[in-house]
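First the structure, in the form of structure tokens, and then the observations on it.
Chain identifiers are assigned alphabetically (A, B, ...) following the order of the sequence lines, protein sequences preceding nucleic acid strands; residue numbering begins at 1 within each chain.
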Amino acid sequence: MPTYSLVDGNSFYCSCERAFNPRLKGKPVVVLSNNDGCVIARTSEAKALGIRMGEPWHEVRKRPECKTVMWFSSNYALYADMSRRVFDVLETFSPHVEPYSIDEMFMSLDGIGGDLAEYGRRIRSTVLKATKIPTCVGIGPTKTIAKLANKHAKDAHDLGGVCDLREERNRLELFGRWPVGEVWGIGPASAQRLERHGVRTVLDFIRMDARHVRDELSVVGARIQEELKGNSCLPLSMVAPMRKGLAVTRSFGTPVTEWQGMEEAIAAFAYRAGEKLREHGLVAGHLTVFMRTSEFRPGPKYGNQAAFTIEPTSDSLTLVKLATRAAHRLWRDGYTYAKGGVMLNDLTPPGARTGDLFPSKDPVKSANLMATLDELNARFGRGAVRSGATGLDRKWTVRTGNLSPRYTTSFEDALVVRA
DNA sequence: TCTGGGGTCCTAGGACCC
DNA sequence: TCTGGGGTCCTAGGACCC
């Protein structure tokens with residue numbers, strides 16, 4: 001059975017600010033989004049004041065008890081640099097580290113003997129010493145369980161920041177108390193659907209009929225259920241897959257009512273999008289432009305987007321020209337626009353042709369897929385599983401028996417083969 | 001039993017994540 | 001005055017092909 005751990009920086013953005021400013025220690029600190037609009041990170045002291053994630057800062061700062069809160073505009077260059085430092089430390093503990101987000105890293109602890117909780121404590125103290133970033137460590141037989149363990153390590157202060165849920169008997173009692181919505185991948189919509197079936201806790205969910213889960217929550221839910229049962233479906237991938245798209249979008253600081261203002265904004269977004277593209281050494285073959293009125297303010301609502309294929313490019317001026325032309329078609333007079341953006345998709349290295357395979361495609365996933373395809377073909381006969389089967393988690397076209405349904409999804413078969 | 005079958009590509013929209 | 005900015009994956013359905 002594999003062993004995963006998830007190492008997660010506590011109040012990461014705030015901790016980064018604290019790392020360079022000792023006076024912030026023990027004080028309520030928040031980091032704000034672009035334009036200083038909302039709170040996107042807060043220390044435990046700030047949480048204790050009732051400041052919620054995503055709350056508009058202009059509302060929070062008015063509250064008397066929040067007058068003393070120290071606040072920072074976000075500094076993503078700093079946070080990315082701190083994230084890399086944490087990664088470097090973790091690599092001294094395991095050769096298999098997958099950065100999942102700026103503040104979370106999955107690690108494989110396979111083959112590491114002894115007391116893993118003790119190992120986790122050593123990871124924490126080493127990271128803290130080297131980077132001044134406090135962390136929590138969750139350990140489990142699957143990524144999804146490691147994620148839950150990490151959350152528990154954060155909540156239960158008697159654990160010393162480390163929680164090991166490898167043993168099933170240690171899990172089940174906790175699972176019976178946790179709402180299913182706390183599981184990684186189960187959001188509000190899924191939780192509501194499950195509630196309708198009387199499923200409230202993680203334990204309820206594990207005990208739900210697998211086919212039923214698939215019908216309600218698709219393969220995504222089925223995979224999560226397997227993971228919670230202790231069967232690993234989500235492998236570690238150390239190679240970052242090639243970026244699939246990028247976006248530059250903003251809420252406007254002051255609402256836009258004139259075409260000229262919109263034109264300038266879209267041009268700036270497109271220009272910046274081109275810069276990002278060049279930073280990654282890629283060109284884009286698909287461009288999307290959108291604009292919309294505020295969701296929060298009264299008045300006439302309007303929103304629209306235009307998406308189209310372009311000659312692959314990363315040239316900012318070309319992108320600006322194409323994007324503003326598209327924006328012009330979307331523009332309607334008489335509205336107060338609050339938001340807009342430019343998105344780029346179909347990213348490839350320059351000069352790539354249709355059908356090229358890029359080395360940056362995740363080799364771990366690819367190897368798993370090919371092995372699984374081979375096994376399925378061996379089982380159902382050569383050529384039984386055809387293209388279109390692009391992963392464990394996608395459509396499988398299985399040519400056995402009657403052909404009636406257009407696609408036969410045999411996720412269960414895939415799981416059997418894996419096991 | 002069965003009312004063409006199998007496939008690709010594209011788009012839109014939903015859901016979730018940090 | 002002021003309400004984030006990114007991302008990923010999955011599903012469904014239409015157009016089109018042989």
Side-chain angles (χ1 to χ4, degrees), chain A residues 6 8-9 11-13 31-41 52-62 73-74 76 79-80 83 99-105 143-144 147 181 183-193 214-224 234 237 240-255 269 272-273 276 285-286 288 290 294-297 304-309 338-347 354-355 362 365 386-395 397-399 401-409 411:
Chain A
L6 178 66
D8 178 316
S11 310
F12 186 68
Y13 295 171
V31 170
L32 307 177
S33 66
N34 262 54
N35 301 338
D36 298 334
C38 329
V39 175
I40 56 171
R52 293 187 307 274
M53 193 69 169
E55 234 185 323
W57 176 236
H58 67 90
E59 287 174 11
V60 175
R61 67 186 311 170
K62 274 189 248 166
S73 300
S74 41
Y76 292 103
Y79 311 149
S83 180
Y100 169 65
S101 72
I102 197 162
D103 69 330
E104 288 168 90
M105 320 266 167
K143 283 180 162 182
T144 306
K147 192 85 169 138
V183 174
W184 185 36
I186 305 287
S190 301
Q192 210 178 351
R193 295 192 78 130
R214 202 201 173 287
D215 289 344
E216 282 295 323
L217 303 183
S218 88
V219 290
V220 181
R223 201 165 42 197
I224 293 169
L234 303 171
S237 51
M242 193 164 71
R243 179 182 289 271
K244 298 200 167 63
L246 65 82
V248 180
T249 69
R250 288 287 181 282
S251 295
F252 302 131
T254 49
F269 300 157
R272 176 66 190 128
K276 281 185 168 183
H286 201 264
T288 305
F290 80 89
S294 172
E295 307 146 56
F296 306 103
R297 305 189 70 79
N304 208 347
Q305 62 176 319
F308 48 97
T309 303
K339 227 176 222 190
V342 168
M343 279 112 79
L344 299 174
N345 283 294
D346 284 358
L347 308 190
T354 311
D362 183 345
K365 267 190 195 155
R386 314 233 309 191
S387 67
T390 53
L392 256 190
D393 27 32
R394 282 279 302 255
K395 279 177 286 214
T397 309
V398 180
R399 298 200 301 173
N402 288 338
L403 292 171
S404 36
R406 185 159 163 150
Y407 294 107
T408 306
T409 307
F411 181 72

Indicate, with a heavy-atom threshold strictly under 4.0 Å, whether [X] touches base, sugar-phosphate, or nothing.
X: V183(A); result: sugar-phosphate
X: D103(A); result: sugar-phosphate
X: Y100(A); result: sugar-phosphate
X: L32(A); result: nothing
X: V39(A); result: nothing
X: I102(A); result: nothing
X: P99(A); result: nothing

Starting at atom [atom1] of [X], determine the distance to atom [atom2] of [N], rounded to an integer number of angstrom.
X: L344(A); N: dG5(C); atom1: CG; atom2: P; value: 17 Å
X: R272(A); N: dG6(C); atom1: CZ; atom2: C1'; value: 12 Å
X: R243(A); N: dC9(C); atom1: CZ; atom2: P; value: 12 Å
X: Y79(A); N: dG5(C); atom1: OH; atom2: P; value: 15 Å
X: Y76(A); N: dG6(C); atom1: OH; atom2: P; value: 8 Å
X: R297(A); N: dT3(C); atom1: CZ; atom2: P; value: 8 Å
X: N345(A); N: dC9(C); atom1: CG; atom2: P; value: 12 Å
X: R223(A); N: dC17(B); atom1: CZ; atom2: C1'; value: 13 Å

Is any side-chain N or O of [X] closer than 4.0 Å to OP1 or OP2 of [N]?
X: R193(A); N: dA15(B); result: no
X: K339(A); N: dG6(C); result: no
X: S251(A); N: dG4(C); result: yes
X: R250(A); N: dG4(C); result: no
X: S74(A); N: dG4(C); result: no
X: K244(A); N: dC9(C); result: yes

Quiz item: Under a cut-off of 3.5 Å for both distances of each Watson-Crick or G-U pair, what dot-bracket string does DNA chain C give, using [ ] for crossing pairs and | for inter-strand pairs?
Solution: ....||||||||||||||
[X] side-chain proximity, nearest of [options]:
X: K147(A); options: dC18(B), dG6(C), dT3(C); result: dC18(B)
X: S190(A); options: dG4(C), dC16(B), dG7(C); result: dC16(B)
X: N34(A); options: dG7(C), dT3(C), dG5(C); result: dG5(C)
X: T249(A); options: dG7(C), dC18(B), dG6(C); result: dG6(C)

Examine distances only and state if a side-chain atom of [X] and a backbone atom of [Y] form a donor-acceptor pair shorter than 3.5 Å.
X: S83(A); Y: I102(A); value: yes
X: S74(A); Y: Y76(A); value: no
X: Q192(A); Y: A189(A); value: no
X: S294(A); Y: A338(A); value: no

Please name all residues satisfying side-chain contact (heavy atoms from CB on, under 4.5 Å) with [X], sequence neighbours left out, ordered by chain then number.
X: D36(A); result: L32(A), W71(A), S73(A)
X: T309(A); result: H286(A)
X: S251(A); result: K339(A)

Short N/O separations, protein against nucleotides 10-12 of chain B, under 3.5 angstrom:
none

Quiz prompt | Partners passing side-chain hydrogen bond (donor to acceptor under 3.5 Å, both in side chains) against E59(A) (at least two apart in sequence or in another chain) | solution =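 By the side-chain hydrogen bond (donor to acceptor under 3.5 Å, both in side chains) rule, E59(A) matches no residue at all.
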Quiz item: Looking at residues at least two apart in the chain, or sitting in another chain, which of them share a side-chain hydrogen bond (donor to acceptor under 3.5 Å, both in side chains) with R61(A)?
Solution: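 Residues passing side-chain hydrogen bond (donor to acceptor under 3.5 Å, both in side chains) with R61(A): none at all.
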Self-check item: Near-strand residues of residues 52-59 of chain A, defined as heavy-atom separation under 4.0 angstrom from DNA chain C
Solution: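 Going residue by residue through residues 52-59 of chain A, the ones with a heavy atom under 4.0 Å of DNA chain C turn out to be P56(A), H58(A).
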Quiz item: Excluding sequence neighbours, so at least two apart, what forms salt bridge (Lys or Arg N to Asp or Glu O under 4.0 Å) with K276(A)?
Solution: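 K276(A) satisfies salt bridge (Lys or Arg N to Asp or Glu O under 4.0 Å) with no residue once adjacent residues are dropped.
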Quiz item: Residues two or more places apart in sequence or in another chain: which of them pass salt bridge (Lys or Arg N to Asp or Glu O under 4.0 Å) with R272(A)?
Solution: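 Only E275(A), E279(A) meet the salt bridge (Lys or Arg N to Asp or Glu O under 4.0 Å) criterion with R272(A).
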Exercise. Tell me, please, which residues at least two apart from Y100(A) pass ring-ring contact (aromatic ring centres under 6.0 Å, His included).
Key: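 Residues passing ring-ring contact (aromatic ring centres under 6.0 Å, His included) with Y100(A): F106(A), W184(A).
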Quiz item: Quick one: ring-ring contact (aromatic ring centres under 6.0 Å, His included) partners of F269(A), sequence neighbours excluded?
Solution: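 Counting only residues at least two positions away or on another chain, F269(A) forms no ring-ring contact (aromatic ring centres under 6.0 Å, His included).
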Exercise. Map K276(A) and G37(A) onto DNA chain C by nearest heavy atom, then report which one ends up closer to the 5' terminus.
Key: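 Mapping each residue to its closest nucleotide by heavy atoms, the 5'-most match is G37(A).
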Practice problem: Return the 5'-most residue of the pair G245(A), I40(A) with respect to DNA chain C, ranking by each residue's nearest nucleotide. | Solution: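 Residue closer to the 5' terminus by nearest nucleotide: I40(A).
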Quiz item: Using the P atom in both, what is the distance from dT3(B) to dC18(C), to the nearest Å?
Solution: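 About 25 Å, rounded to a whole number of Å.
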Quiz item: What pair of heavy atoms forms the shortest contact from E104(A) to L6(A), and how long is it?
Solution: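 In this case the closest contact between E104(A) and L6(A) is OE1-CD2, 3.7 Å.
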